[in-house]
Each structure stands twice: as C-alpha cells, then as structure tokens.
Amino acid sequence: MKRRGAARLAAAVVASGLIAAGAIATAGTAAADDTPPAQGGATATLGGLKTFDQAIVHSDGQDQRVGAGLFEMSVDNGGALQTYCIDIHNPTQQQAKYQEVPWSASSLHNNADAGKIRWILQNSYPQVNDLAALASKAHAGNLTENTAAAGTQVAIWRFSDHVKVDAVDPAAEKLADYLEKSAQNLAEPKASLTLDPPAVSGKSGGRLGPVTVHTNADSVAVAPAAGLPSGVKVVGKDGKPVTSATDGTQLFFDVPKGAADGSTSLTAQAATKVPVGRAFTGIGEHAKSQTQILAGSSESTVSAAATVSWKKQGAIPAVTADKNCAKGGVDVTASNKGDQAFRFQLAGKNYEIAPGKSRTVTVPVAEDQPYEITVKGEGGFKKTFSGVLDCKTAGNGGSTPAPKPSPATGGTTGGHGTDLAETGSSSATPVIAGIAVVLVLVGGGAVFFLRKKKAH
C-alpha cells in the first residue's frame with residue numbers, strides 16, 4: 001500500500017508541474033521576505049474528541065470532571081490520525097490546524113517521562129485493540145473502546161502533566177494504574193518526513209547542497225518548482241536528475257555556471273503512516289490549542305520543502321529557524337557560502353558570518369506569545385520567521401492557562417472512533433489518489449494547493 005501510494009504521489013507531483021509562479025525562479029535572495037516552510041511531516045485538522053469516557057482531575061483541593069480519550073484528525077490531502085492530549089489544562093479550539101513537530105518543539109522537550117508516554121501509546125489502545133487481552137494484563141475486568149481510551153489518556157496525563165487524575169470507570173482506572181506502573185522510557189520516534197537543512201545556498205557553477213531526506217516512507221516523490229531557471233536541476237550525489245528518494249537520500253541543486261543570480265525550491269511528498277508518539281502542536285491562529293500526541297495513523301500525506309539561492313559572487317546566505325523549547329526561544333541559523341562576509345541585523349544586534357562559516361543565534365521568545373523575527377542583511381536581504389512558542393503545559397508555566405481543565409472542548413459528546421492501528425484508515429476518510437502540492441514561494445510566501453481525492 002505504501003509503495004502504491006508513493007507511486008501515485010510521484011505521478012501527481014510530476015503531472016502537476018508544481019503550479020508555482022515563476023517568481024521563485026527569478027527572485028534573488030536580496031528580496032526574500034517570506035514565512036519559511038514548516039519543518040515537514042503531516043498537517044491536520046482536529047475533528048474532536050470521539051472515543052472517550054470520564055476522568056476526574058484533582059487540583060488545588062477541587063475536583064474537575066473531564067472527558068478523557070481519543071481525538072481524531074483529518075490529514076491535509078488524505079489520511080486520518082488518532083491522538084491523545086498532553087496538555088490537560090489547555091482546551092482545544094474548534095477545527096484547529098496542527099503540525100507534526102519533534103519533541104524539542106513541544107512541551108515534551110524537558111519531560112523526563114516523555115519516553116514512558118510513547119511506551120503507553122505502543123502498549124495500549126488503539127495500537128493494542130484486543131481489549132480482552134489488554135484487560136487481562138491490567139486485571140481490569142471488561143474494557144470497552146471508550147473505557148480503554150479513557151484509561152490510556154489518564155495514564156498519559158500522569159506523565160505529560162504530572163497531575164493527579166483518576167478515571168471514573170473502575171476498569172479504566174485499573175488500566176491507567178497498570179500502564180503507569182509498567183511504562184518504560186523509549187526513544188523519540190523519527191519524523192514522517194523532513195528535509196535537512198530546509199535552505200541551502202552557494203555559487204552558481206556547481207551542485208548546491210546537500211539536502212538530506214529523513215523519512216519512514218518507502219519512497220518519496222521529489223519535484224522542483226515550476227518555472228525552474230534554464231539548466232537548473234535537482235540531482236543526486238551522482239549528478240543524475242532525481243524524481244524519487246528514500247530515507248538518507250542526499251539531494252542537490254545543480255546550477256550551471258553563468259546562471260543569473262536567483263533562487264528556487266523543491267518539494268518532497270509521500271504517503272506513509274505517521275510514527276506513533278509524534279507530537280502535534282497548533283499552528284497559525286490555532287497555535288494555543290492543546291498539544292496532542294499521535295496514537296494511530298492511516299496512510300497519510302506528508303510533505304516538506306527546501307529552498308536554494310545562488311549568486312556569482314559576494315555573500316550568499318541561507319537562513320533557517322527552529323523553535324528551541326529548551327532555551328525558550330527560536331534558533332536562527334545563518335550560513336554563508338559566498339566569497340564575502342555576510343553582515344546582518346537580528347533582534348537589534350549586528351552579526352557577521354565569514355565565507356564558508358555559519359552561526360546560530362537563539363532569539364528569546366515569550367511563552368504563548370506570537371513572535372515575528374526578521375533578519376535584515378546587506379543588499380536588501382530580508383527574511384522573516386513568525387509563529388508562537390508553545391513549550392509548556394498550561395498547568396506548568398504557560399502564560400494563558402484555560403479557566404478549567406477541559407480537554408473535550410471542541411469535541412463531540414459520544415461515539416466510537418475507528419481503530420486506525422488495526423484498520424489502517426477510517427471508513428470516512430478518502431483514500432489518497434492524488435497529491436496536494438504545498439510550495440512556499442521565496443519571493444512572496446504564497447502557497448498553492450493542488451488537491452485530488454478519490455472516494456474510499
């Protein structure tokens with residue numbers, strides 16, 4: 001299924017031509033002012049709390065009843081996810097948009113028990129859907145999908161938020177106790193798809209890169225932006241054009257000697273199951289929606305992008321940014337592949353990067369507050385990064401805690417979710433038969449979508 005999905009993705013990407021404006025090919029780095037591509041992976045829309053029972057949170061001498069269980073998300077351009085909450089005091093937002101992120105960019109960054117949460121996810125519902133066997137291990141009597149989800153969520157909260165919480169149903173409570181006692185620390189799961197680094201630069205007349213593919217997919221479709229300057233190609237280490245890649249593949253932009261100064265990009269996309277234990281944080285206007293952690297995935301569309309800029313001479317910078325929850329800020333990394341120093345301003349200070357060197361500057365950012373970080377360099381260079389830093393649970397130092405613990409906010413009041421760990425997809429989720437191309441334009445930050453779906 002993964003291979004067929006990847007083949008469909010490759011065909012769709014090539015056929016679409018990436019429908020991007022030619023501005024990307026002609027815009028120079030000096031004029032760049034955009035919101036860079038996300039770190040890559042899956043983006044999805046929260047559908048609500050679907051499979052759940054009740055729990056009681058004990059805090060400050062008060063008891064608060066909340067819904068505890070599985071949320072469902074619909075993946076952009078095909079696929080479905082099931083998630084648990086890892087921020088009990090923070091409510092969800094209706095139809096919130098989420099992005100797959102590493103633990104370092106979420107509230108799990110300094111949580112010594114994060115690996116235990118992943119163990120719970122792999123050893124409980126829905127990854128384990130034999131409820132009789134699960135109940136037997138936990139000495140929990142009879143478990144339903146709802147009580148199994150509730151018990152699992154309660155155990156997760158005890159590690160994610162370190163809060164005192166109990167399941168209302170006795171069987172669910174026994175399951176939570178068993179999971180809490182049995183949990184072991186596991187390593188963080190790898191991303192479904194990322195490109196590293198997401199921006200490169202250099203002199204025209206050679207191969208610029210590498211950009212390394214990191215993925216759990218069998219195959220990744222690779223395509224350059226439309227309007228590619230004459231002679232510019234996306235190639236592998238052997239210099240041959242590349243249209244597909246696998247984990248560890250190194251990609252390069254081959255820019256011919258004498259090419260006019262410019263920039264372009266490539267997009268990588270795949271159909272795969274997102275690894276259990278990946279964190280999901282709200283993005284855009286939904287950045288403060290409670291953080292989620294993946295419990296189950298159908299075959300879903302994942303994507304990532306990388307940009308390149310080149311010049312004949314002078315400073316040739318590439319600038320990227322990553323959230324750094326451990327330092328409470330955003331790491332801005334600037335590299336210079338030119339033959340002159342790159343001088344720029346960042347957060348009110350002046351910096352200089354010598355040819356062939358790079359430097360990372362951590363810009364402090366307030367928790368839960370929108371930020372906009374601009375790098376201004378010589379020759380009119382300008383690049384802006386924006387977002388919201390969401391590194392703490394609302395009950396542990398977040399600046400805008402919810403008025404009450406309410407993980408069910410925006411959810412439904414009943415029903416059972418589809419067991420994605422077993423079936424591989426929800427019956428209501430379209431099968432991936434096409435691909436949407438998401439390309440962030442260096443010159444304008446415009447995003448174009450091509451979407452094609454086939455009913456299940």
Engineer: Are Val319 and Val332 side-chain neighbours, meaning at least one heavy-atom pair lies under 4.5 Å?
Structural biologist: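 The answer is yes, as the side chains (C-beta and beyond) meet within the 4.5 Å cut-off.
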Engineer: Under a 3.5 Å cutoff, is there a donor and acceptor pairing between the side chains of Thr333 and Thr360?
Structural biologist: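 Yes.
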Engineer: Go through the side-chain N and O atoms of Thr45 and Tyr98 and say whether any donor and acceptor fall under 3.5 Å apart.
Structural biologist: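 Their side chains do not contain a donor-acceptor pair, so the 3.5 Å distance test is not met.
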Engineer: Taking the side chain as every heavy atom from C-beta outward, state whether Gln153 and Cys85 have any atom pair closer than 4.5 Å.
Structural biologist: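 The answer is yes, as the side chains (C-beta and beyond) meet within the 4.5 Å cut-off.
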Engineer: Mind checking whether Gln127 and Leu121 have side chains closer than 4.5 Å, heavy atoms only?
Structural biologist: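 No. Closest side-chain heavy atoms not under 4.5 Å.
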Engineer: Run the side-chain contact (heavy atoms from CB on, under 4.5 Å) test against His162 and tell me which residues pass, sequence neighbours left out.
Structural biologist: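 Listed in chain order: Asn111, Asp113.
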Engineer: Would you indicate whether the side-chain heavy atoms of Arg118 and Glu188 approach each other to under 4.5 Å?
Structural biologist: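 Not in contact.
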Engineer: Of all residues at least two apart in sequence or in a different chain, which pass the side-chain hydrogen bond (donor to acceptor under 3.5 Å, both in side chains) check with Thr320?
Structural biologist: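 By the side-chain hydrogen bond (donor to acceptor under 3.5 Å, both in side chains) rule, Thr320 matches no residue at all.
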Engineer: For the residue pair Gln250 and Val211, establish whether any side-chain heavy-atom pair is separated by less than 4.5 Å.
Structural biologist: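 With C-beta onward as the side chain, the pair stays apart.
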Engineer: Indicate yes or no for a side-chain donor-acceptor contact from Asp390 to the backbone of Gly282 under 3.5 Å, with no hydrogens or angles considered.
Structural biologist: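 No, Asp390 side chain to Gly282 backbone: no donor-acceptor pair under 3.5 Å.
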Engineer: Distance-only, no hydrogens or angles: does the Ser298 side chain make a donor-acceptor pair with backbone N or O of Ser300 under 3.5 Å?
Structural biologist: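 No, the answer is negative, given that no donor and acceptor are paired below the 3.5 Å cut-off.
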Engineer: Salt bridge check, Glu180 against Arg158: does any charged N sit closer than 4.0 Å to a carboxylate O?
Structural biologist: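 Result for this pair is yes, salt bridge flagged.
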Engineer: Do Thr301 and Asp76 have side-chain heavy atoms sitting under 4.5 Å apart?
Structural biologist: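 No. Closest side-chain heavy atoms not under 4.5 Å.
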Engineer: If the condition is side-chain contact (heavy atoms from CB on, under 4.5 Å), which residues does Asp339 pass it with, not counting sequence neighbours?
Structural biologist: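 Once residues adjacent in sequence are excluded, the partners of Asp339 under the side-chain contact (heavy atoms from CB on, under 4.5 Å) criterion are Lys203, Gln313.
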Engineer: Tell me every residue that passes side-chain hydrogen bond (donor to acceptor under 3.5 Å, both in side chains) with Asn123, counting only those two or more places apart in sequence or in another chain.
Structural biologist: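 For Asn123, no residue satisfies side-chain hydrogen bond (donor to acceptor under 3.5 Å, both in side chains) once neighbours in sequence are set aside.
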Engineer: Is the closest side-chain donor-acceptor distance between Thr307 and Ser265 under 3.5 Å?
Structural biologist: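 There is no such pair (donor and acceptor under 3.5 Å, judged by atom type) between the side chains of Thr307 and Ser265.
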Engineer: Return yes if some donor-acceptor pair links the side-chain N/O of Lys323 with the main-chain N/O of Val388 below 3.5 Å, else return no.
Structural biologist: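 Yes: the side chain of Lys323 pairs with the backbone of Val388.
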Engineer: Determine, step by step, whether Glu372 and Thr384 satisfy the side-chain hydrogen bond (donor to acceptor under 3.5 Å, both in side chains) criterion, reporting the C-alpha distance in whole Å, the side-chain angles of both residues, the deciding distance to 0.1 Å, and the verdict.
Structural biologist: CA-CA 7 Å; Glu372 188 171 280; Thr384 299; 5.4 Å; no
Engineer: Hey, are Gln292 and Gln290 close enough side-chain-wise for a donor-acceptor pair under 3.5 Å?
Structural biologist: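 Indeed, the side chains of Gln290 and Gln292 share at least one donor-acceptor pair under 3.5 Å.
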Engineer: Would Val302 and Thr272 count as a side chain to side chain contact (heavy atoms under 4.5 Å, CB included) here? Give the steps.
Structural biologist: CA-CA 7 Å; Val302 296; Thr272 188; 3.8 Å; yes
Engineer: Donor-acceptor pair, Glu100 side chain versus Ser192 backbone, under 3.5 Å?
Structural biologist: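 Confirmed, Glu100 side chain pairs with Ser192 backbone.
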Engineer: Name all residues meeting the side-chain contact (heavy atoms from CB on, under 4.5 Å) criterion together with Gln345; count only those two or more places apart in sequence or in a different chain, and write none if there are none.
Structural biologist: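 Only Asn350 meet the side-chain contact (heavy atoms from CB on, under 4.5 Å) criterion with Gln345.
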Engineer: Charged N to carboxylate O below 4.0 Å: is that the case for Lys50 and Glu72?
Structural biologist: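 No, Lys50 and Glu72 are not salt-bridged.
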Engineer: Any pair with a residue in residues 204-213 that passes side chain to side chain donor-acceptor pair (under 3.5 Å), sequence neighbours left out, goes on the list, sorted by first then second residue, please.
Structural biologist: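 Residue pairs passing side chain to side chain donor-acceptor pair (under 3.5 Å), neighbours aside: none found.
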Engineer: What distance do Thr43 atom OG1 and Ile283 atom CD1 have between them, rounded to the nearest 0.5 Å?
Structural biologist: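 Between Thr43 OG1 and Ile283 CD1, I get 6.0 Å after rounding to 0.5 Å.
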Engineer: Distance-only, no hydrogens or angles: does the Asp161 side chain make a donor-acceptor pair with backbone N or O of Ile88 under 3.5 Å?
Structural biologist: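 Judged by distance alone, yes, a pair lies under 3.5 Å.
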Engineer: Could you tell me if the side chain of Leu81 sits less than 4.5 Å from the side chain of Val75, heavy atoms only?
Structural biologist: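 Sidechains of Leu81 and Val75: in contact.
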Engineer: If you look only at pairs with a residue in residues 311-344, which of them pass as a disulfide bond (SG atoms under 2.5 Å apart), with sequence neighbours excluded?
Structural biologist: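 Passing the test, one end in residues 311-344: Cys325-Cys391.
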Engineer: Sequence neighbours excluded, which residues qualify as side-chain hydrogen bond (donor to acceptor under 3.5 Å, both in side chains) partners of Thr215?
Structural biologist: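 Not a single residue meets the side-chain hydrogen bond (donor to acceptor under 3.5 Å, both in side chains) criterion with Thr215.
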Engineer: Kindly say whether Ile156 contributes a backbone atom to a donor-acceptor pair with the side chain of Ser160 at under 3.5 angstrom?
Structural biologist: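 Here the side-chain-to-backbone pair exists.
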Engineer: Output all residues satisfying side-chain hydrogen bond (donor to acceptor under 3.5 Å, both in side chains) with Lys116, sequence neighbours left out; order by chain, then residue number.
Structural biologist: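 Lys116: no side-chain hydrogen bond (donor to acceptor under 3.5 Å, both in side chains) contacts found.
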Engineer: Report the residue from Val165, Val57, Leu49, Val154 that forms a side chain to side chain contact (heavy atoms under 4.5 Å, CB included) with Val66.
Structural biologist: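 Option passing the side chain to side chain contact (heavy atoms under 4.5 Å, CB included) with Val66: Val57.
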Engineer: Show every donor-acceptor pair shorter than 3.5 Å between a side-chain atom in residues 226-237 and any protein atom, with sequence neighbours excluded, or say none if there are none.
Structural biologist:
none

Engineer: May I have all residue pairs that pass ring-ring contact (aromatic ring centres under 6.0 Å, His included) and include part of residues 342-366, sequence neighbours excluded?
Structural biologist: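 ring-ring contact (aromatic ring centres under 6.0 Å, His included) check on residues 342-366 returns Phe342-Phe344, Phe342-Phe381, Phe344-Tyr351.
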Engineer: Are side-chain heavy atoms of Leu46 and Phe71 found at a separation under 4.5 Å?
Structural biologist: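 Yes, their side chains come closer than 4.5 Å.
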Engineer: Do NZ/NE/NH1/NH2 and the carboxylate oxygens of Asp87 and Lys392 come within less than 4.0 Å?
Structural biologist: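 Looking at Lys392 together with Asp87, the answer is no, because their closest N to O distance does not fall below 4.0 Å.
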Engineer: When you measure from the side chain of Asn336 to the backbone of Gln340, do you find a donor-acceptor pair of N or O atoms at a distance under 3.5 Å?
Structural biologist: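 Judged by distance alone, yes, a pair lies under 3.5 Å.
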Engineer: What residues form a side-chain contact (heavy atoms from CB on, under 4.5 Å) with Glu352, not counting sequence neighbours?
Structural biologist: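 For Glu352, the residues satisfying side-chain contact (heavy atoms from CB on, under 4.5 Å) (neighbours in sequence not counted) are Ala341, Arg343.
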